[in-house]
Amino acid sequence: MENKKVIFSGVQPTGKITIGNYLGAIKNWTTMQEEFNSIFCVVDLHSITVNQVPAELRKNTFDLLALYIACGLDPQKSILFVQSHVPAHTELAWVLNTVTMVGEMNRMTQFKDKCRKHADNINMGLMDYPVLMAADILLYQTDLVPVGIDQKQHVELARDVAQRFNNKYSPTFVVPECYTPKVGAKIMSLQEPTAKMSKSDENENAVVTMLDDKDTIMRKFKRAVTDSDTVVRFDAENKPGVSNLLSIYSCFTGKSIAEAEVEFEGKGYGDFKTKVAEAVIEGVSPIQAEQQRIVKDKAYLEEVLKDGAYRASKLAYKTLDKVYRKVGFIPRVR
Ligand code: TYM
């Protein structure tokens with residue numbers, strides 16, 4: 001790898017990927033890959049912490065890989081791979097478990113949320129999710145982790161775990177930093193704009209997916225919850241719905257929030273919502289066409305996966321070997 005800083009990130013192949021996942025994470029990766037040694041993962045191991053239908057998981061994994069490439073991630077520039085293809089992730093997670101305290105896992109907000117949502121399936125994997133995520137990040141000596149705001153706490157745990165391991169054994173891991181975009185780090189639900197837009201939301205109107213067709217996108221934005229005011233102004237506290245739409249508009253058009261406010265001065269919410277929907281349609285349509293083309297080319301995707309797993313493994317096992325040595329495991333005789 002060239003002598004550049006390393007970025008690592010991933011998305012779970014669960015359900016439909018939303019414009020929140022795109023704006024908070026994937027879109028930023030496409031520009032960052034020009035500047036960093038970049039590693040992007042489809043985190044299938046994480047996804048089984050909630051119930052999945054195996055055939056759907058397989059399909060979602062290919063769909064997501066194709067979407068990565070359609071969004072502009074370039075397998076020549078970045079390493080693209082599937083988490084379960086590199087067993088070092090689970091192997092490192094086991095070691096990191098021994099420097100992670102049960103108390104700190106109990107305090108993880110996403111764990112608590114998921115326990116509430118999946119009360120019938122509070123499995124150990126769900127609790128261990130952030131440790132596996134720390135392993136993902138630390139295996140590649142990652143400097144920066146580009147994610148949405150909801151993942152900040154998990155990246156902080158990865159930092160704590162790295163520091164603890166380094167102190168206990170001797171410097172081994174780079175301590176990673178969290179990177180969140182200025183606009184788009186937390187896209188909100190269109191129906192309940194004080195809550196995060198989430199793949200798992202049962203209300204379809206709350207979520208715009210990357211593969212929604214034009215009419216669906218337009219309909220969802222037209223129904224978006226705003227307020228009883230008439231002014232298009234950014235004020236996340238008092239006007240969360242309008243502010244969310246402004247953020248989405250800004251991300252898709254590249255205009256600043258201030259420019260967008262000027263553009264919609266004196267215009268009603270109806271016009272505003274239509275323009276936001278049009279900007280999203282313009283942004284996602286070419287991605288959808290590419291995704292549909294790429295996903296059909298299984299031979300190409302398999303080549304990408306093979307190459308990605310090979311390149312990722314080389315880096316991952318370099319770190320894991322070091323870790324095994326430091327904790328006192330004797331080297332395997334080959
Ligand atoms: P996942 O699949 O839940 O989310 C993938 C990415 O999308 C971001 N995101 C959002 N950003 C803005 N607005 C939203 N409404 C929104 N919803 C989701 C998330 O912050 C995330 O960046 N645990 C990770 C997956 C993971 C990972 C890692 C990430 C596993 N290992 C190592 C980085 C490094 C997750 O949340 O996936």
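Both counts, for ligands and for their atoms, begin at 1 and track the order of listing. Just so it is clear, the structure is predicted and the values come from calculations on it, not from any experiment.
- Below 3.5 Å of separation, one finds no N or O of Val11 facing any N or O of ligand 1.
- For atom 21 (C) of ligand 1, the nearest non-hydrogen atom of the protein is Gln151 CG, 3.9 Å.
- Contacts of Ser198 with ligand 1, taken as heavy-atom pairs under 4.0 Å, are absent altogether.
- Residues His154 and Phe111 place their aromatic rings such that the two centres sit no closer than 6.0 Å.
- The pair Lys59-Glu56 does not meet the salt-bridge criterion, since no charged nitrogen lies less than 4.0 angstrom from a carboxylate oxygen.
- Contacts between Thr14 and ligand 1 below 4.0 angstrom, taking non-hydrogen atoms only, are absent altogether.
- Listed by number with element, the atoms of ligand 1 under 4.0 angstrom from any heavy atom of Ala185 are 11 (N), 12 (C), 13 (N).
- Of the protein's non-hydrogen atoms, the one nearest atom 20 (O) of ligand 1 is Asp150 OD1, 2.4 Å.
- Of all protein heavy atoms, the one lying nearest to atom 28 (C) of ligand 1 is Met133 CG, 3.4 Å.
- The distance from ligand 1 to the heavy atoms of Lys199 drops below 4.0 Å at these ligand atoms: 1 (P), 2 (O).
- A salt bridge links Arg164 to Glu104: one of the charged nitrogens lies within less than 4.0 Å of a carboxylate oxygen.
- Contacts with ligand 1 closer than 4.0 Å are made by heavy atoms of both the backbone and the side chain of Ser9.
- With a heavy-atom cut-off of 4.0 Å, Asp136 touches ligand 1 through its side chain alone.
- Using a cutoff of 4.0 Å between basic side-chain nitrogens and carboxylate oxygens, Glu35 and Lys4 are not scored as salt-bridged.
- For atom 13 (N) of ligand 1, the closest heavy atom belonging to the protein is Ile187 N, 2.8 Å.
- Of all atoms in ligand 1, numbered sequentially from 1 with element shown, those under 4.0 Å from a heavy atom of His46 are 30 (C), 31 (N).
- Checked options Lys114, Lys196, Lys186; the residue passing with Asp150 is Lys196 (criterion: salt bridge (Lys or Arg N to Asp or Glu O under 4.0 Å)).
- In summary, the aromatic rings of His85 and Tyr310 are positioned with their centroids too far apart to meet the 6.0 Å limit.
- Neither the backbone nor the side chain of Leu132 comes within contact range of ligand 1; no heavy atom lies under 4.0 Å.
- The residues Arg311 and Asp307 are annotated as salt-bridged, a charged nitrogen and a carboxylate oxygen being separated by less than 4.0 angstrom.
- Here the heavy atom of the protein found nearest to atom 23 (N) of ligand 1 is Tyr129 OH, 2.6 Å.
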Stepwise side chain to side chain contact (heavy atoms under 4.5 Å, CB included) check, Met210 with Gln291: CA-CA 10 Å; Met210 288 301 288; Gln291 200 271 352; over 6 Å; no
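- Between Phe173 and Phe165, the distance separating the two ring centers is shorter than 6.0 angstrom.
- In terms of protein heavy atoms, atom 11 (N) of ligand 1 is closest to Gly20 O, 3.1 Å.
- At least one cation-pi condition fails for Lys275 and Tyr249: the charged atom is not both under 6.0 angstrom from the six-membered ring centre and inside a 45 degree cone around its axis.
- Each of the following atoms of ligand 1 lies closer than 4.0 Å to a heavy atom of Gly184: 12 (C).
- The closest side-chain heavy-atom distance from Ile17 to Val11 is below 4.5 Å.
- From the protein, the heavy atom lying nearest to atom 3 (O) of ligand 1 is Gln12 NE2, 3.4 Å.
- Near Phe8, with a cut-off below 4.0 Å to any heavy atom, the atoms of ligand 1 are 32 (C), 34 (C).
- Of all atoms in ligand 1, listed by their number and element, those nearer than 4.0 Å to a heavy atom of Val145 are 33 (C), 34 (C).
- The nearest protein atom to atom 9 (N) of ligand 1, hydrogens excluded, is given as Asn21 ND2, 3.7 Å; this is a heavy-atom distance.
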Worked verdict on Tyr269 versus Asp229 for side chain to side chain contact (heavy atoms under 4.5 Å, CB included): CA-CA 9 Å; Tyr269 284 173; Asp229 198 14; 3.7 Å; yes
